[in-house]
Structures are given as structure tokens and as C-alpha cells.
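The structure appears right after this line, and notes come after that.
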Number of protein chains: 2
Amino acid sequence: MNAPNVPDIVISRLPVYLRALQFMEQQGIKTTSSVSLGEKVGISAAQIRKDLSQFGEFGKQGTGYDVNELIEQLQQILHVQKVRDVVLVGMGELGHAILRYGGFINRGFRICHCYDNDPAKIGKMIGEYKILDVADLGKTIRECNVKMAMLCTPAITAQTITDIMVESGIKAILNYAPVSLNVPKDVRVQYIDPVIGLQRMAYYLNKK
Amino acid sequence: MNAPNVPDIVISRLPVYLRALQFMEQQGIKTTSSVSLGEKVGISAAQIRKDLSQFGEFGKQGTGYDVNELIEQLQQILHVQKVRDVVLVGMGELGHAILRYGGFINRGFRICHCYDNDPAKIGKMIGEYKILDVADLGKTIRECNVKMAMLCTPAITAQTITDIMVESGIKAILNYAPVSLNVPKDVRVQYIDPVIGLQRMAYYLNKK
DNA sequence: TAGATTGTTAATCGATTAACAATC
DNA sequence: TAGATTGTTAATCGATTAACAATC
């Protein structure tokens with residue numbers, strides 16, 4: 001379960017495999033192969049087999065992979081079999097949308113608390129959530145022993161909030177603020193900035 | 001301006017440099033170096049110099065880089081000096097948040113039209129935007145000669161919409177739907193799925 | 001001048017791919 | 001059995017890093 005020193009680039013592909021497999025499962029597909037899965041996710045079959053081989057032997061020669069079994073294996077590898085608590089900081093437009101998004105729970109995540117620093121927002125209810133004062137962020141993170149956070153504040157305050165979260169024991173941050181964060185090396189950050197994706201693609205648009 | 005065959009991994013870092021430089025500019029910083037920029041974005045100084053060298057010589061020995069000049073160079077390289085039109089498909093919670101997000105325009109992008117397939121939504125105004133019928137998607141893409149799209153439909157309809165967009169001339173898709181898309185190789189896709197990021201980080205959480 | 005920092009080269013490091021024996 | 005597909009090896013390919021001459 002704890003394969004040693006798997007390259008992060010391999011880890012980064014596993015959730016993509018998992019997502020595709022769960023999509024297949026929904027459609028009633030019981031079995032797949034590295035070739036078929038590869039076509040769906042746009043990754044070579046050899047790559048998929050090599051990636052999976054880091055963790056064990058999940059397939060059967062001549063047949064391929066049992067969709068359900070591979071889903072469970074990947075969930076175990078990624079530690080997403082159980083639902084995990086995440087805090088959400090910054091209740092602007094985006095924070096609201098994230099809070100109302102229904103797609104986290106069935107993929108292993110649940111927002112446990114949400115925060116803002118605006119007195120006009122603190123105490124307000126959004127669905128079943130009450131917006132908490134960001135001044136209590138560190139305290140509540142420690143109390144609930146939360147390890148993951150989503151950060152949706154403006155860029156200018158993102159680092160300050162990050163420092164508080166790190167100091168309170170957060171080990172993984174999904175950062176929606178359009179700014180690079182400085183964290184110790186035992187803390188992970190994933191960036192979500194739509195503009196980065198758009199700019200990256202824009203490069204190719206005007207190319208001859 | 002059109003450096004030949006620059007690896008995509010290099011291109012993927014340029015928007016990150018640009019974002020950091022614009023943040024510096026805001027703070028009144030006039031000059032930087034590969035070391036200083038590298039610390040901010042978490043990338044080695046050698047890497048930054050190597051990346052930039054693909055496109056020209058933008059620095060000065062002993063001094064480093066002029067922030068404003070490097071911003072302009074990067075904007076030209078990425079083709080984001082001018083604002084570019086993007087269509088937005090799928091006006092659920094997320095589509096609404098994206099439409100109201102103010103952070104696109106000053107980084108090179110503008111939503112020109114938005115679409116949904118729900119008769120209850122079609123025709124409704126959101127700010128200055130009227131929600132259009134997705135049945136007219138292909139027609140309006142061609143009329144306006146739009147090349148980029150943001151896709152926020154449910155996973156199940158994402159591929160169908162993608163096919164229409166590709167057929168209508170879209171060359172770059174920012175995909176928020178949690179599913180891998182199949183596109184011809186002259187069309188680019190960037191994926192935004194927060195759960196992929198969370199799952200990727202979850203792997204490291206339970207590791208000893 | 002002395003210190004700082006670039007752009008570039010060569011060496012290292014790591015990731016991907018092709019091929020195939022094993023076997024269901 | 002014949003066909004299909006795995007897991008794995010070795011070869012290829014590409015990316016990163018360290019080092020340094022050039023020079024502001």
C-alpha cells in the first residue's frame with residue numbers, strides 16, 4: 001500500500017485513471033484494458049501499465065483489468081476510500097460556488113468548515129454551513145485535526161492565510177488564489193488558476 | 001516571436017512567471033533576477049534562464065531582468081497582449097461564478113457569449129450577458145470566429161459539446177467537466193478538476 | 001575595479017516507449 | 001489451442017542541473 005518513492009508524475013496520473021474508471025463503471029463497463037483506458041485518457045497503454053506496476057499487479061493477461069477492482073485499488077493507493085475533511089477559506093463568488101458544488105463527497109472529500117474575514121459575511125448561513133471568522137482558522141484546524149484546505153482568498157492575502165494554515169498543521173492546499181505560495185517541503189500545494197491554462201493554450205493559437 | 005519547437009513543458013511555466021512578475025509590478029518592484037523570481041515561483045534559477053533563452057535574451061548580466069520589459073516580452077510570446085474572446089458553455093453554479101469572475105480581462109481574456117441547454121435559463125440575463133441556447137453554439141462560434149472555450153457542463157454531455165465546438169473551429173478548451181476529452185491533435189485541452197488535485201495530494205497524507 | 005548575474009554548454013538525471021516473454 | 005493482454009526490461013528520448021565564461 002505504501003510503495004516507496006513513486007515519482008510524483010506517476011501519482012498525478014492516478015486520479016485521472018480513477019476518474020475514467022468510475023465513468024466506465026457508471027456506464028456499466030465491467031472490464032477494460034490498458035489500451036482502452038489509454039485511449040480514453042489520452043495516455044499510452046505502456047505508460048498506464050508501467051504506472052500501475054509501481055503498486056502491484058492488478059490485471060490479468062489476455063483479459064485486462066476488472067473495472068471495479070482497479071477502482072478500489074486506486075482508491076486505496078490514493079487514500080481516498082474514506083471521505084476526508086477539508087476547510088475552505090474565502091467566501092467570495094468562487095468560495096460560494098465551491099461550497100455548493102456537489103462533486104466532492106463521492107470522490108473522497110467533504111468541506112467541514114468555511115471562513116471569511118468580512119464581518120458582513122461572518123455568521124451568515126450558506127446551506128448548512130455557517131461562515132466562520134477567519135480569526136478562528138488556526139484554532140478550528142487544530143481542534144478538528146484537518147489536513148487539507150482550499151484557498152479562495154484574493155492573491156494579496158493568500159500567503160498570510162497559508163502561513164496560518166501551515167502552522168496549524170495543514171499539509172495539503174488546493175490554491176485558487178492566482179499567486180504562487182511559499183510552503184515548507186512537507187506541505188503540498190496544487191494550483192487552480194484558469195488563466196494559466198488559457199494563457200498556456202493561447203501560445204499555440206497564433207503560431208503558424 | 002515564433003520560436004520553433006519549444007517544449008510544451010516550457011510553455012506551461014511561462015504564465016507562472018508572468019503572473020509572478022505582474023504581482024511584483026503591482027508592488028512597485030522594478031527589477032528582478034532569475035534567483036529572486038525562482039524563489040517566488042518555486043522553480044530553479046537555471047530553469048528560468050533556460051526557459052527564457054528559448055525566446056531571446058531578456059536580461060542583463062549583473063543586473064537581472066527589468067520587470068516591465070519581461071512582462072511585455074512574455075505577453076508577446078504567449079500572445080496575450082490583446083484581449084481574446086472565449087465562449088462559456090454550461091451555466092450552472094460554476095458557470096455563473098466564472099461569468100462573474102473579474103480576473104480574466106486584465107490577463108488577456110473576455111467571455112463573449114455564454115450558453116445553456118435548459119429552457120428555464122435560456123434568455124435570462126446575468127449581468128450584461130444573456131444566456132444563449134446551446135443549439136446556436138456552432139453558429140455563433142463561426143460568426144464571431146472564436147477560438148477558445150470554457151466548458152462547464154456535466155461530464156456526461158461534455159464530449160458532445162466538445163465535438164460541436166471542435167467542428168465549429170474552437171482550438172483551445174478549458175475543461176471544467178470532470179472527464180477526459182477526445183479532440184484532434186490540433187486542438188488543445190486544459191483540465192480544471194479540483195478533485196484531481198485533492199486526490200493527488202491525498203496520496204502523500206497517509207504516507208509514513 | 002569587484003560583485004553580481006546572465007546565457008549556454010555539457011553532464012546528469014528521470015521519464016517514456018517499444019518490444020516481448022509469460023500467461024490467462 | 002489461438003488470440004489477447006499483462007508486467008517488465010532495455011533503449012530511447014527529453015528535461016533538469018551544475019558550472020562557468022562573458023559582461024554589465
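Within every chain, numbering begins at 1; the chains are lettered A, B, ... in the order of the sequence lines, protein sequences first and strands thereafter.
Atom NZ of K171(B) and atom OH of Y204(A) lie 15.5 Å apart (nearest 0.5 Å).
No option in V89(B), I173(B), N182(B) other than I173(B) meets the side chain to side chain contact (heavy atoms under 4.5 Å, CB included) test with T162(B).
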- Message: Please determine whether side-chain contact (heavy atoms from CB on, under 4.5 Å) holds for the pair L151(B) and M165(B), giving the CA-CA distance in whole Å, both sets of side-chain angles, and the decisive distance to 0.1 Å.
- Response: CA-CA 10 Å; L151(B) 182 53; M165(B) 294 196 299; 4.2 Å; yes

- Message: The test is side-chain contact (heavy atoms from CB on, under 4.5 Å); show your working for R84(A) and H79(A) and say whether it passes.
- Response: CA-CA 9 Å; R84(A) 193 184 290 275; H79(A) 312 121; 3.5 Å; yes

- What do the steps show when you test L181(B) against Q159(B) for side-chain contact (heavy atoms from CB on, under 4.5 Å), and what is the final call? CA-CA 6 Å; L181(B) 298 178; Q159(B) 185 63 55; 4.0 Å; yes

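Nearest heavy atoms, N175(A) versus A177(A): OD1-N, 2.8 Å. In terms of heavy atoms, G90(A) sits closest to D116(A) at C-OD2, 3.8 Å. Between C112(B) and V146(B), the closest heavy-atom pair is SG-CG2, 3.8 Å. Taking all atoms of both residues into account, the shortest heavy-atom contact from I192(B) to P194(A) is CD1-CA, 3.5 Å. Residue S12(A) comes nearest to V16(A) through the heavy atom pair O-CG2, 4.1 Å, listed as atom of the first residue, atom of the second, then distance. When every heavy atom of Q81(B) is checked against every heavy atom of Q76(B), the shortest pair comes out as NE2-CG, 3.4 Å.
Distances shown here put every side-chain N or O of R13(A) at or beyond 4.0 Å from the OP1 or OP2 atom of dA15(C). One finds a side-chain N or O of Y65(B) lying less than 4.0 angstrom from the OP1 or OP2 phosphate oxygen of dG7(C). Between S34(B) and dT6(C) there is a side-chain polar atom (N or O) within less than 4.0 angstrom of OP1 or OP2. Residue S44(A) has a polar side-chain atom (N or O) positioned under 4.0 Å from OP1 or OP2 of dT17(C).
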Which protein N or O atoms sit under 3.5 Å from an N or O of nucleotides 22-24 of chain D?
from: dT23(D); atom 1: O4'; to: Q61(B); atom 2: NE2; distance (Å): 3.3
from: dC24(D); atom 1: O4'; to: Q61(B); atom 2: O; distance (Å): 3.3
from: dC24(D); atom 1: O2; to: Q61(B); atom 2: O; distance (Å): 3.3

Please tabulate the protein-to-nucleotide N/O contacts below 3.5 Å involving nucleotides 8-11 of chain C, giving atom names and distances.
none

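Protein atom CG of D51(A) is 10 Å distant from nucleotide atom P of dA15(C), rounded to whole Å. The distance between atom CG of L37(A) and atom P of dA4(D), rounded to the nearest whole Å, is 19 Å. Computed from coordinates, the D66(B) CG to dT5(C) P distance equals 15 Å when rounded to whole Å. With rounding to whole Å, I48(B) atom CD1 is found 16 Å from dA18(D) atom C1'. Protein atom CD of Q47(B) is 16 Å distant from nucleotide atom P of dC13(C), rounded to whole Å. One can place CG of D8(B) at 9 Å from P of dA15(D), the figure rounded to the nearest angstrom. In this structure, E69(A) atom CD and dT6(D) atom P are separated by 13 Å, rounded to whole Å.
Pairs of Watson-Crick or G-U wobble type, with distances under 3.5 Å, assemble into runs of 3 or more in DNA chain D at these ranges: C:3-24 with D:3-24.
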